[in-house]
Amino acid sequence: MRVLVVKDEGSLAEAIGAGLRRGAITAETARDGREALAKLRHGGYDVVVLDRDLPGLHGDEVCRQVVVQRLLTRVLMLTSPGTVHHRPDAPGLGPGLGADDYLTKPFTHEELLARVLALGRRPRPVPAPVIAHAGVTVDTARGLAARDGRPLALSHTELGVLEVLLRARGAVVSGDELIEEVWEEHTSYRTNAVRVTLGTLRAKLGAPPLIETVPGAGFRMTGGPDGGDGTDG
């Protein structure tokens, strides 16, 4: 099982991660909401242990984006005493954001481990092979992209950037997030790589433009949705 622990207090995040690793769980950490979303979009996590009280991008918004972007991970929300929750069997648990379970601080390691293991045993939905938005489709299984039925000859990197932006479903994705998800760690021309790739991708997508630059924040897809993720046929 692979778990992401999101906590702004580094020592506590590492302590939680170390405890999970002693239980034969692969545990990684993120210090804030934006870093967490970048890692979650990359996929592969069975459970995210998400502190609600995060600086910057609040844990509530991270949880909403997990649901909106259909990221395939279960959410265990860590909340402060006195927070009002729904029943564990009610839709939109913890609190009303789409989390799968919640745990009130302070808690014991044994209780956290039990909750994580229970969530990890739940089957995860199978991701749709085709992502669609505003006439653009990406077949993630075959590595093919098209706009309004017109095939797009995209490089591996351009396809990766397009897939990340489509999965964000209109949310802003920063340049650092794109670098982390699409490029290799040893990339030495980070900022220029994003700029050049987005330029060629925009040209290949054609008019009207669909990728918007949000000054000081990043990039997002514009245009009307096609109903989100879908499958062939």
Side-chain angles (χ1 to χ4, degrees), residues 2-17 20 27-86 92-105 107 112 116 119 131 133 160-183 190-191 194 198 211-222 225 228-229:
R2 191 169 175 224
V3 175
L4 180 65
V5 179
V6 188
K7 194 85 173 66
D8 61 310
E9 300 172 49
S11 58
L12 184 53
E14 290 300 332
I16 293 173
L20 292 173
E28 302 173 24
T29 60
R31 297 291 184 87
D32 57 53
R34 296 193 184 281
E35 181 185 0
L37 277 179
K39 290 186 173 184
L40 290 170
R41 289 194 192 108
H42 194 67
Y45 295 100
D46 299 287
V47 179
V48 54
V49 178
L50 177 65
D51 189 13
R52 190 180 183 213
D53 301 315
L54 292 174
L57 190 64
H58 196 273
D60 288 1
E61 184 58 28
V62 175
C63 193
R64 290 190 188 97
Q65 290 303 319
V66 168
V67 175
V68 169
Q69 298 181 36
R70 302 178 187 179
L71 304 178
L72 303 179
T73 185
R74 299 294 185 184
V75 178
L76 173 59
M77 180 85 84
L78 306 180
T79 63
S80 300
T83 303
V84 177
H85 304 287
H86 295 292
L93 170 75
L97 303 169
D100 298 282
D101 197 2
Y102 69 90
L103 188 58
T104 302
K105 298 177 282 188
F107 49 81
L112 174 67
V116 168
L119 288 178
I131 313 168
H133 174 86
V161 169
L162 181 59
E163 182 178 342
V164 171
L165 292 174
L166 287 174
R167 287 196 186 281
R169 298 171 64 83
V172 175
V173 180
S174 72
D176 287 343
E177 289 172 334
L178 287 175
I179 284 288
E180 183 171 345
E181 296 191 45
V182 179
W183 276 267
R190 300 168 67 87
T191 303
V194 174
L198 281 168
I211 300 176
E212 176 186 16
T213 298
V214 181
F219 313 91
R220 66 184 174 195
M221 296 295 294
T222 61
D229 293 3

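- Remark: of the listed residues Leu54, Thr104, Val49, Val49 is the sole one forming a side chain to side chain contact (heavy atoms under 4.5 Å, CB included) with Leu78.
- In terms of heavy-atom proximity, Val66 sits nearest to Val75 at CG1-CG2, 3.9 Å.
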Q: May I have the step-by-step check of side-chain contact (heavy atoms from CB on, under 4.5 Å) for Met77 and Cys63, ending in yes or no?
A: CA-CA 8 Å; Met77 180 85 84; Cys63 193; 3.8 Å; yes
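- Here the closest heavy-atom approach between residue Glu61 and residue Leu57 is recorded as CG-CD1, 3.5 Å.
- Electrostatic pairing of Asp100 and Arg74 counts as a salt bridge here, judged by a charged N lying under 4.0 Å from a carboxylate O.
- Between Leu103 and Leu112 there is a side-chain heavy-atom pair separated by less than 4.5 Å.
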**Q.** Phe107/Ile16 under side-chain contact (heavy atoms from CB on, under 4.5 Å): CA gap, chis, key distance, verdict
**A.** CA-CA 11 Å; Phe107 49 81; Ile16 293 173; 4.3 Å; yes
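- A salt bridge links Glu177 with Arg41: at least one charged nitrogen is closer than 4.0 Å to a carboxylate oxygen.
- For the residue pair Leu165 and Phe219, the shortest heavy atom distance occurs at CD2-O, 3.8 Å.
- A salt bridge links Arg2 and Glu28; the closest N-O separation between the charged side-chain nitrogens and carboxylate oxygens is under 4.0 Å.
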Q. Stepwise, does the side-chain contact (heavy atoms from CB on, under 4.5 Å) test hold for Lys39 with Tyr45?
A. CA-CA 9 Å; Lys39 290 186 173 184; Tyr45 295 100; 3.9 Å; yes
Q: Test Leu178 against Asp176 for side-chain contact (heavy atoms from CB on, under 4.5 Å), laying out the working first.
A: CA-CA 5 Å; Leu178 287 175; Asp176 287 343; over 6 Å; no
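- A salt bridge links Asp51 with Lys105; the closest basic N to acidic carboxylate O contact falls under 4.0 Å.
- The nearest pair of heavy atoms linking Ala171 to Gln65 is CB-OE1, 3.6 Å.
- With no hydrogens or angles considered, a side-chain donor-acceptor pair links Asp53 and Ser80 at under 3.5 Å.
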